[in-house]
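Below is one structure, written out as C-alpha cells; comments come after it.
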Protein chains: 2
Amino acid sequence: MKPVTLKDIAETLGISITTVSKALKGYPDVSKKTRALVKELAKTLNYKPNAFAVNLRTEESKTIGLIIPEIVHHFFSSVIKGIISQAEKKGYLVIILQSNESYELEKKQLDLLLSKRVDGILISLANGTADFKHLVEVIEQGKPLVMFDKIAKIVKCSKVIIDDRKAAYTATQHLIDTGCKRIAHFRGPLLPQNAIDRFLGYKKALLDNNMVYDPSLVYLFEDMTFEVGEMFAKKIMDEHTDVDGIFVNTDLVAIGAITEFNRQGVKIPEDISIVGFSNWFMSSAITPSLTTINQPGFEMGKKAFKQLYKEMKAKKNKKEVIPKIIELETVLVKRNSTK
Amino acid sequence: MKPVTLKDIAETLGISITTVSKALKGYPDVSKKTRALVKELAKTLNYKPNAFAVNLRTEESKTIGLIIPEIVHHFFSSVIKGIISQAEKKGYLVIILQSNESYELEKKQLDLLLSKRVDGILISLANGTADFKHLVEVIEQGKPLVMFDKIAKIVKCSKVIIDDRKAAYTATQHLIDTGCKRIAHFRGPLLPQNAIDRFLGYKKALLDNNMVYDPSLVYLFEDMTFEVGEMFAKKIMDEHTDVDGIFVNTDLVAIGAITEFNRQGVKIPEDISIVGFSNWFMSSAITPSLTTINQPGFEMGKKAFKQLYKEMKAKKNKKEVIPKIIELETVLVKRNSTK
DNA sequence: GATTTTACCGAAAACGTTTTCGATTTTGTA
DNA sequence: TACAAAATCGAAAACGTTTTCGGTAAAATC
C-alpha cells in the first residue's frame with residue numbers, strides 16, 4: 001500500500017540508503033554490480049522517488065505557474081498548448097490559473113504560485129491590471145518571470161510579444177492600399193497594451209497616408225464577442241454610411257460584423273472591406289473569408305517557456321539574466337474580405 | 001534573499017519553532033500574546049510556509065492532475081475552466097497535461113502525475129486508448145481518479161458524463177419529427193465511447209421509427225475539422241441526393257457542412273436539415289443558426305472536480321468510496337437549421 | 001500551604017531525499 | 001611484502017514542516 005522508498009530498497013538489499021540513491025542517480029562511486037542490483041529491484045518494486053522529498057532537498061519542483069486571463073479562447077488555449085508542449089520536453093509541469101481579467105485575482109494567484117514555490121512564472125496580464133507592484137515583487141524576489149502577449153512595458157523582465165502596432169499599421173495600410181478612403185476601427189478595451197498599440201498602429205497608418213483621423217470612427221468594446229461585432233456593424237450602417245473599411249481588433253468580432261453585413265446585404269469587400277486580427281481558424285471558414293493578421297499563439301507559448309527555462313537554468317547556476325524582448329513575426333493573411 | 005522560515009521567526013522572537021508553527025496554525029495551546037506576536041512578525045516578514053516541506057510532512061500537495069486529449073478545443077477548454085474554478089475554491093491547484101489523443105502519451109503522463117504525487121487525477125481519454133490497464137493501476141494504488149466525457153465504461157471509478165446515446169437519439173428524433181425521411185450521420189472516430197454512443201443513438205432512433213438504417217449514410221471522420229464538414233457535404237451532394245437530414249457528431253463539422261451547402265445553393269433547412277452536437281458558441285452565429293445538443297462543458301468540469309474532491313477527502317479519512325456515475329442533462333437547442 | 005488542574009511551551013522524531021566527507025576495501029605498483 | 005592509488009561504500013547532516021508527548025509554570029481548588 002505505502003509507496004516504496006529508498007530505505008525499502010536499501011534494507012532488502014542489505015546496503016545503505018546512500019548507495020541506493022547514488023546507484024539510481026548514476027554516481028560514479030558505486031560498483032557496476034550493485035548499481036545493476038539496485039536498478040533492477042527499483043524497477044520490479046516500481047520505485048518512484050518521492051517528489052516532495054526531492055523538492056524539499058533540491059529546492060526546485062520542476063513545475064512552473066501560468067496565469068492567463070481566459071482559458072476558453074482560441075488564441076490563449078493555443079499559447080497554453082505551446083507552453084505545455086515545450087515544458088513537457090524539458091520535464092516541467094505547468095500549473096494553470098485563470099485571472100478572469102481581474103487584477104485582484106491575478107494578484108492573489110501570483111501569491112499562491114509563489115507560496116507553492118513554482119520554479120518560474122509565465123503570465124499574460126488581465127485587462128484590469130494597471131498597477132504592477134505585484135509583478136515587480138516577484139522579480140525582486142529573484143523568481144524567474146516572463147510575460148507574454150499582454151504585457152506591462154515598464155516591468156523589467158523578459159517578454160514575448162508581437163509588434164501589435166506594426167501589425168495594425170500593416171492591416172490598416174492594406175485597407176488603404178486597396179482603395180479604402182474612410183476606415184473605422186473596432187478597438188479592444190482601454191487598458192491592455194495590445195489594444196492600445198493596435199489602435200495606435202491604425203491611427204499612424206491613417207496619418208502617414210494623409211488621411212484624417214476621426215475619433216468617432218473608433219468603436220471600443222469591453223467584451224470581445226460575436227455579438228459585439230454584429231452590434232458595431234449595425235452602428236456603422238446607422239451612423240457612418242461612408243465607411244468603406246474596418247480594421248477590427250480581433251477576428252471573432254470581425255466575423256460577427258461580417259455576418260451582420262451579410263444579413264443586411266452589405267457587400268464585402270465591394271462596399272466595405274474588413275481586416276481582422278489573430279487568424280482564428282474560423283476566419284478562413286466564414287464567407288467571405290477574412291483577411292487578418294496571423295498571431296502565432298502556439299509559437300508564442302513555446303518561446304515564452306523557452307525563455308523562462310533559460311532564466312530558471314541561469315538562476316540555478318547563479319548567473320545574471322538580462323531581460324530579453326522576443327518579438328514574433330506577424331503576417332497579413334490576405335483573403336476575400338478585402339479587395 | 002532566502003525565504004523566511006519558522007526558524008527565523010522563532011529565533012528573532014526567542015521562542016521555539018514548535019510554538020511558532022502552532023501559533024500560525026491556531027493551536028489552542030499557545031497564549032494569545034505569543035500568538036499575536038508570531039502572527040504579526042510572520043506578516044511583516046512575509047512568511048510563506050515552504051510548500052515542499054508541508055507536502056513531505058502531510059503527504060499531500062493540494063494539487064491535482066488533469067489529462068485531456070486536446071486543449072485547443074472549445075468544449076475541453078470549457079471543462080478545464082470549470083475544473084480550475086472549482087479547484088481554486090477548495091484551495092487546489094491543477095496541473096494540465098495534453099495527451100494529444102495518443103494512448104502512449106496518456107500512459108506516460110499518468111505515470112508522471114503519479115510520480116509527482118498529485119492528490120488526485122482527472123482524465124478524459126484519448127481516442128487512441130483501447131487498453132485500460134494504466135487506469136486500473138492508478139485505482140488499485142488507491143489514488144482518487146475520476147473520468148469525464150471520454151470514459152471507459154469497464155473501469156471502476158467515478159465518471160461524469162452525458163448520455164450521448166440519448167442525446168443523439170433526441171437529435172435524430174427531432175429530424176424525424178420535422179419530416180426528414182432519409183437521415184445521414186457524420187460520426188466521430190471508431191474508438192471513443194461517445195462517438196460510438198452517438199452513432200448508436202442515431203441508429204436506434206431510426207429503427208424505433210421504422211426507418212431503414214443505411215450504413216452508407218454514415219460518414220466517419222478521424223479529425224474533427226471545419227474542412228471535414230465541407231468535404232462530407234460535397235460527398236452527400238454527390239452520393240446521396242435524397243438525404244434530407246444530417247445528424248453531425250460535432251458542431252464544428254456541422255458548420256463546415258452548412259457553409260458548403262450554402263455555397264452550393266442547397267437550402268437549409270428546406271432541402272436538408274442539420275443537427276449538430278455540443279452547442280459551440282459559433283452555432284448560434286452561423287447562418288442559418290445551428291440546431292444542436294447542448295453539452296455543458298463548464299458544468300462537467302465543476303462536477304468532475306467536486307466528485308474528485310469528495311474522493312480525496314474520503315481517502316484522507318480512510319473511508320471507502322463507491323464509484324459514482326454522474327450524468328449531466330443535455331437539451332436540444334432548436335434553431336434554424338431544422339424545420 | 002498543599003494539591004490538583006489548567007495553560008503554555010519545547011524537545012525530538014518523522015517525512016524521504018541528496019550530498020559531503022571520511023572510512024574501508026580492493027587493486028596496482030614497486 | 002609494503003605502500004600508494006583507486007574503487008566502493010555509508011554515516012550523518014540538511015531541507016522545513018507537523019505533531020506527539022512530556023515538562024514547567026501559573027492558576028485554581030481545597
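In what follows, chains carry the letters A, B, and so on, assigned in the order in which the sequence lines appear, proteins first and then strands, with residues in each chain numbered from 1. All values derive from a computational prediction rather than experimental measurement. All values below come from the heavy atoms of this structure, side chains included, with hydrogens, waters and symmetry mates left out.
- The shortest distance between the side-chain N/O atoms of A:Thr19 and the OP1/OP2 oxygens of D:dT8 is not below 4.0 Å.
- Between B:Lys116 and A:Leu93, the closest side-chain pair of non-hydrogen atoms falls below 4.5 Å.
- A salt bridge is absent between A:Glu60 and A:Arg117: the closest approach of a Lys/Arg side-chain nitrogen to an acidic carboxylate oxygen does not fall below 4.0 angstrom.
- Tested against A:Ile121 for a side-chain contact (heavy atoms from CB on, under 4.5 Å), the candidates A:Leu66, A:Leu308, A:Leu114 yield a single pass: A:Leu114.
- Rounded to whole Å, atom P of C:dG16 lies 12 Å from atom CD of A:Glu11.
- For the pair B:Lys25 and D:dT19, the criterion of a side-chain N or O lying under 4.0 Å from OP1 or OP2 is met.
- Within the structure, every side-chain polar atom (N or O) of A:Tyr47 is placed at least 4.0 Å from both OP1 and OP2 of C:dG16.
- Axis angle between the ends of the helix from C:dG1-D:dC30 to C:dA30-D:dT1, five pairs each and rounded to 10 degrees, works out to 50°.
- B:Asp29 contributes a side-chain N or O that forms a donor-acceptor pair with the base of C:dC9 under 3.5 Å.
- Listed pair B:Thr18 / C:dG10 fails the phosphate criterion, with no side-chain N or O lying under 4.0 Å from OP1 or OP2.
- A tilted orientation is assigned to the rings of A:Phe76 and A:His73, their planes being inclined by 30° to 60°.
- Between B:Ser21 and the phosphate of D:dT17, there is no side-chain N or O to OP1/OP2 separation shorter than 4.0 Å.
- Distance from the side chain of B:Asn50 is smallest for D:dT17 among the nucleotides D:dT17, C:dT19, C:dT17.
- Each of B:Lys22 and B:Glu59 was assigned the nucleotide of DNA chain C with the nearest heavy atom; the assignment lying further toward the 5' end belongs to B:Lys22.
- Between A:Tyr92 and A:Met312 there is a side-chain heavy-atom pair separated by less than 4.5 Å.
- Under 4.0 angstrom from either OP1 or OP2 of D:dC15 there lies no side-chain N or O belonging to B:Thr5.
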